[in-house]
Amino acid sequence: MTLTSPSLGSSAGWTDARLLYALEEVVEKELNRHLKVTKDWMPHEYVPWSDGRNFPGFFEDGEAWEPSQSKVTDIGKIALVVNLLTEDNLPSYHHEIASLFGRDGAWGTWVHRWTAEEGRHGIVMRDYLLASRAVDPDKLEQFRMAHMSEGFESDNRHSMLHSVAYVAFQELATRISHRNTGHQSGDPVCDRMLGRIALDENLHMVFYRNLLGAAFELAPDLTMQAVRDVVVNFRMPGHGMPGFERAAAQMAIGEIYNMRIHHDDVLQPVLRFLKVLQIEGLGPDGLRAQEELGLYMNGLDSEASKFDEKLAARKARMAARAAG
């Protein structure tokens, strides 16, 4: 890595522009690694086209949608809509990261490649949902229009470091959400499709996680503060979609994504891999952020344990009702 600032290790002197320049070499290395390990795939190969038939409207032989036409579980339907609507806002996400990271050099090449790969996810999920009649197509389109019309404004658009920290966790969170949705969908075709999407999300997480690690080497205090802020204030990018809070609560109870999963499967793996809570030699601001991060993680673990207890009690009540 080429070090370009006399302020290495301290907060003074680091601007977004300096950090972008200093990390360009790392971005190029990670981009080349990503292109070597990623595999192109065809969205249309994962869609059960033979299940599809015309909807009413333009076609006289169209068949109206009915909930009973799909084999997908109720929780699977809810999560699929949330996951797809999240992917739908890709134009806004592209605008956000292109504005932060730029469109030139290795940064720009990555921004466009990431956008192209993410585009597959929305394509294949929508085609699957329509061909398999998993959800009401009219409501799905209404939700898409409402969500995309609102656009997306990142909580971390003020800082390149905050943005890198956020996507390192968010890409893993998306991977976990897709993977768990597939497992609980009740449809092997859906599970296979979402498993393929999850592979992409994991590679994206590795890219940003490694970039975050390089940022810790360059500007440990600022990076530690960014990680603390992102972890403490983390929100999924789909939080603005219609009915998100209710859907998120149902997904939490359905064990697709909840506090325990967020702590154990999203935050901890990244923090542990980068040894964030063990980093030494921090200045006062960095040390304070590290301590606050540790306290937050302990508190989140305690809250997750309370949620686990409530979920177990709920399962016991439901089992007792079924037995009675």
Side-chain angles (χ1 to χ4, degrees), residues 40-96 112 114-153 174 177-179 181-201 236-248 250-251 254 256:
D40 280 341
W41 55 280
M42 302 298 118
H44 57 268
E45 294 179 356
Y46 287 79
V47 178
W49 298 107
S50 60
D51 292 347
R53 48 205 185 275
N54 292 338
F55 289 101
F58 181 80
F59 296 99
E60 293 182 1
D61 64 343
E63 180 183 349
W65 178 84
E66 295 289 343
S68 61
Q69 293 168 349
S70 172
K71 64 184 76 172
V72 174
T73 61
D74 289 342
I75 187 61
K77 293 175 182 178
I78 292 168
L80 278 164
V81 170
V82 170
N83 291 355
L84 175 56
L85 291 180
T86 299
E87 301 286 358
D88 272 333
N89 243 350
L90 183 60
S92 288
Y93 306 150
H94 174 83
H95 175 76
E96 289 282 313
H112 297 311
W114 174 87
T115 302
E117 291 184 6
E118 289 286 347
R120 288 184 177 131
H121 304 168
I123 291 169
V124 72
M125 289 176 68
R126 173 166 285 98
D127 287 346
Y128 166 81
L129 290 176
L130 295 179
S132 67
R133 293 186 169 234
V135 299
D136 184 337
D138 291 344
K139 287 186 177 179
L140 184 64
E141 177 61 10
Q142 291 162 7
F143 285 160
R144 186 190 72 85
M145 287 296 295
H147 186 41
M148 291 192 68
S149 295
E150 289 294 320
F152 174 78
E153 186 171 302
T174 305
S177 181
H178 283 312
R179 186 198 67 186
T181 298
H183 291 346
Q184 301 206 37
S185 67
D187 181 8
V189 174
C190 181
D191 192 18
R192 184 165 58 248
M193 172 195 67
L194 291 177
R196 188 60 192 80
I197 292 174
L199 287 176
D200 278 1
E201 303 292 10
M236 290 294 273
H239 60 79
M241 69 179 59
F244 178 78
E245 295 299 331
R246 185 170 185 272
Q250 291 170 308
M251 290 169 68
I256 287 178

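Numbering starts at 1 and runs along the sequence shown. For clarity, every value in this text was computed on a predicted model and none was experimentally measured.
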> Does a side-chain heavy-atom distance below 4.5 Å link Leu199 with Trp41?
Replying inline: no

> Are any of the side-chain heavy atoms of Met251 and Asn83 separated by less than 4.5 Å?
Replying inline: yes

> Side chains of Asp88 and Arg126: closer than 4.5 Å at any heavy-atom pair?
Replying inline: yes

>> Do Thr86 and Thr174 make a side-chain contact, defined as non-hydrogen atoms from C-beta onward lying under 4.5 Å apart?
In response: no

> Does the Trp49 side chain pair with the main chain of Ala131, one donor and one acceptor, at a distance under 3.5 Å?
Replying inline: no

> Is there side-chain contact between Leu140 and Leu84, with at least one heavy-atom pair below 4.5 Å?
Replying inline: yes

> With distance as the sole test, does Gln250 use its side chain to make a donor-acceptor pair with the main-chain N or O of Ile78 at under 3.5 Å?
Replying inline: no

>> Is the shortest side-chain heavy-atom distance between Leu130 and Glu141 below 4.5 Å?
In response: no

> Does the side chain of Arg133 reach to within under 4.5 Å of the side chain of Asp51, using non-hydrogen atoms?
Replying inline: no

> For residues His121 and Asp200, is any side-chain donor paired with an opposing acceptor at under 3.5 Å?
Replying inline: yes

>> Less than 4.5 Å apart, side chain to side chain, heavy atoms only: is that true for Asp127 and Tyr46?
In response: no

>> With a 3.5 Å distance limit and no angle check, can you tell me whether Ser185 reaches the backbone of Gly182 through a side-chain donor-acceptor pair?
In response: yes

